[in-house]
Amino acid sequence: MRPNIVSEAGLQTRLRQWWESIPFLTSAVVGVCATIYLVCLLVGYDSFYEVCFSPSDVVSRFQVYRIFTSIIFHGSILHVLFNMMALVPLGSELERIMGTVRLLYMIILLAISNAVLHLLIALLVSYNPIHPSQYLMDECAIGFSGILFSMIVIETSLSGHQSRSVFGLFNVPAKWYAWILLVVFQVVMPNVSLLGHLCGILSGFAYTYSLLNFLIPGTSFYSKIEASSLFSSCVRRPKFIVCTGGNPSAFIPTYSTQGTPSSGFSAGSIWRNLSSWIPQRETSVQSAQDGHMFPGRGRTLGSGRGTISDADSESNLQARLLDNSNSERPSDVAVIGTGQNLSDGRQATLNNAAAEIPVHHQDYVASEEEIQKLVSMGFERTQVEVALAAADGDLNVAVEILSQQG
């Protein structure tokens, strides 16, 4: 019975850590789209023609609201699930770079530019003198995938990789990655909006090649929004990422140094990154390697406090490990787990921390099966051994200790 309790606790902890790791705007978009779909499902609403992007209705009836309603409504559970699972790694990566308010502005800008391109192409096809066709004017496009294709183009240009993997099956040159995805999705799912995805790619390239810079305000604009009373409650939330204004041009730089890896979604393919819902225990903040690539990157409120608490947690755990093993290996006081010697300053810190912790000589030795069970939940092996020793082998208590330390 006890292993089942541990498994349930581990799953809840994983889901909570995964959701808390998603920045504010990305999680908000996921929540809004999922809620709208569930409400439509419960009330039986399926008149998506009233909210989709239809060029003919936008032109004849001037229903410009369709520009925004079309991106938050979805037609099926697979539609909304796939789009949101693709948005989480993409949106999280871009939001950490740009900041919450700046990413919100970029999404609005991309939605408008996608709609304008969609409308212009539909008009050209419908009224061209060679072979006019009314099909595109009557098309009804719905879903967030157009914005996702724009994000894919922007993120691919920022990643600096020369090639990208398509669903983990084969690699393609990075400059062709979005186009290959466009063809693959159209072949696999013929009923998707080819023009909607195409316009998303074109808008992404327009943003990447600085064609939309005249529509992008300066950093003072974002700072004023963050300081306004309207966003005061949002800014105080720990997942909200403010725009520091370090980038004077106010837009994300493009075509950064080749070969420099980026975190998050830049690993290669959408398919592999859908598995990112499994949370990973982070031992430090985002790598400093991104500093020279993305000047003006956002910072998370309260990140300083989180760093200090993580350091204290690590010191306490290491001090307890030293304390438990001190009687058996007195000569190894200055060595921890990995066998790395501590500096004088760090040794003094650990000695002070160890002095405050009562000495408990534990006779309990954790089995490898118990250690592996907790390690599989995402905890570090060193912390697992300490937690099991402190809990006298009780897995439930050890999970609680590790969750509190995390």
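- Shown here for Ser232 and Ser229, the closest heavy-atom pair between the two residues is OG-O, 2.8 Å.
- The shortest side-chain heavy-atom distance between Leu15 and Gln12 does not fall under the 4.5 Å cut-off.
- Under the 30°/60° scheme for interplanar angles, the aromatic rings of Tyr45 and Phe48 are found to stand perpendicular.
- When all heavy atoms of Trp19 and Ser27 are compared, the closest pair comes out as CH2-O, 3.6 Å.
- The shortest non-hydrogen separation linking Val172 to Ile180 is CG1-CG1, 4.1 Å.
- To the nearest 0.5 Å, atoms CD1 (Ile152) and OG (Ser157) are separated by 12.0 Å.
- Closest of all the heavy-atom pairs between Ile401 and Ala390 is CD1-CB, 4.2 Å.
- Formation of a donor-acceptor pair under 3.5 Å by the Ser150 side chain with backbone atoms of Gly200 is found in this model.
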Going through the checks in order, is the salt bridge (charged side-chain N to carboxylate O under 4.0 Å, His left out) test met by Glu95 and Lys239? CA-CA 10 Å; Glu95 186 170 354; Lys239 298 202 300 182; over 6 Å; no
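- A side-chain contact (heavy atoms from CB on, under 4.5 Å) with Ser203 is found for one member of Ile112, Val116, Leu117 and no other, namely Leu117.
- In this structure, Leu136 CG and Ser56 OG are separated by 11.0 Å, a value rounded to the nearest 0.5 Å.
- Contact check for Ile108 versus Phe68: side-chain heavy atoms found under the 4.5 Å cut-off.
- Rounded to the nearest 0.5 angstrom, Asp57 CG and Met137 CE are separated by 9.0 Å.
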Show the numbers, then the answer: is there a side-chain contact (heavy atoms from CB on, under 4.5 Å) between Val125 and Leu195? CA-CA 11 Å; Val125 173; Leu195 184 56; over 6 Å; no
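- Closest non-hydrogen pair, Ser210 versus Asn213, comes out as CB-ND2, 3.1 Å.
- The shortest side-chain heavy-atom distance between Ile216 and Tyr207 falls under the 4.5 Å cut-off.
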Could you go through the ring-ring contact (aromatic ring centres under 6.0 Å, His included) check for Tyr37 and His74 one step at a time? CA-CA 6 Å; Tyr37 177 77; His74 293 80; 7.8 Å; no
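- A side-chain donor-acceptor contact under 3.5 Å links Ser21 to the backbone of Trp18.
- Put simply, the side chain of Arg66 gets close to the backbone of Cys52: a donor and an acceptor are under 3.5 Å apart.
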Using side-chain contact (heavy atoms from CB on, under 4.5 Å), reason through Val30 and Ile22 one step at a time and then give a plain yes or no. CA-CA 10 Å; Val30 172; Ile22 304 175; 5.8 Å; no
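- Here the side chains of Leu87 and Met84 are in contact, with some heavy-atom distance below 4.5 Å.
- Between Trp179 and Val183, every side-chain heavy-atom pair lies at or beyond the 4.5 Å cut-off.
- Interatomic distance, His79 NE2 to Phe82 CZ, rounded to the nearest 0.5 Å: 10.0 Å.
- Residues Val58 and Ile67 have side chains not in contact (no heavy-atom distance under 4.5 Å, counting atoms from C-beta outward).
- In terms of modelled atom types and a separation under 3.5 Å, the side chain of Asn114 and the main chain of Ala111 share no donor-acceptor contact.
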Decide yes or no on side-chain contact (heavy atoms from CB on, under 4.5 Å) for Leu158 and Leu94, but give the supporting numbers first. CA-CA 10 Å; Leu158 293 176; Leu94 292 177; 4.2 Å; yes
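- Annotation: Phe62, atom CZ; neighbour count of heavy atoms from other residues, nucleotides and ligands within 6.0 Å does not exceed 12.
- A distance-only check finds a donor-acceptor pair linking the side chain of Ser113 to the backbone of Leu110 [under 3.5 Å].
- In this structure, the side chain of Ser126 engages the main chain of Ser133 through a donor-acceptor pair within 3.5 Å.
- Glu139 and His118 share a donor-acceptor pair across their side chains, judged by distance under 3.5 Å alone.
- In this structure, Arg102 does not pair ionically with Glu226, as no charged nitrogen and carboxylate oxygen lie closer than 4.0 Å.
- The line from CD of Glu93 to CZ of Arg96 is 7.0 Å long, rounded to the nearest 0.5 Å.
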Go through the steps to decide whether Cys199 and Ile121 satisfy the test side-chain contact (heavy atoms from CB on, under 4.5 Å), and finish with yes or no. CA-CA 9 Å; Cys199 292; Ile121 295 176; 4.1 Å; yes
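- Between Phe240 and Phe24, the two ring planes are tilted [angle within 30° to 60°].
- Residues Leu194 and Leu182 are in side-chain contact: their nearest non-hydrogen atoms beyond the backbone lie under 4.5 Å apart.
- Ile241 is not listed as a side-chain neighbour of Met98, based on a closest heavy-atom distance of 4.5 Å or more.
- Looking at every heavy atom in both residues, Gly91 comes nearest to Leu103 through O-CD2, 3.8 Å.
- In this structure, CZ in Phe144 is found 8.5 Å from CG in Asn83, a value given to the nearest 0.5 Å.
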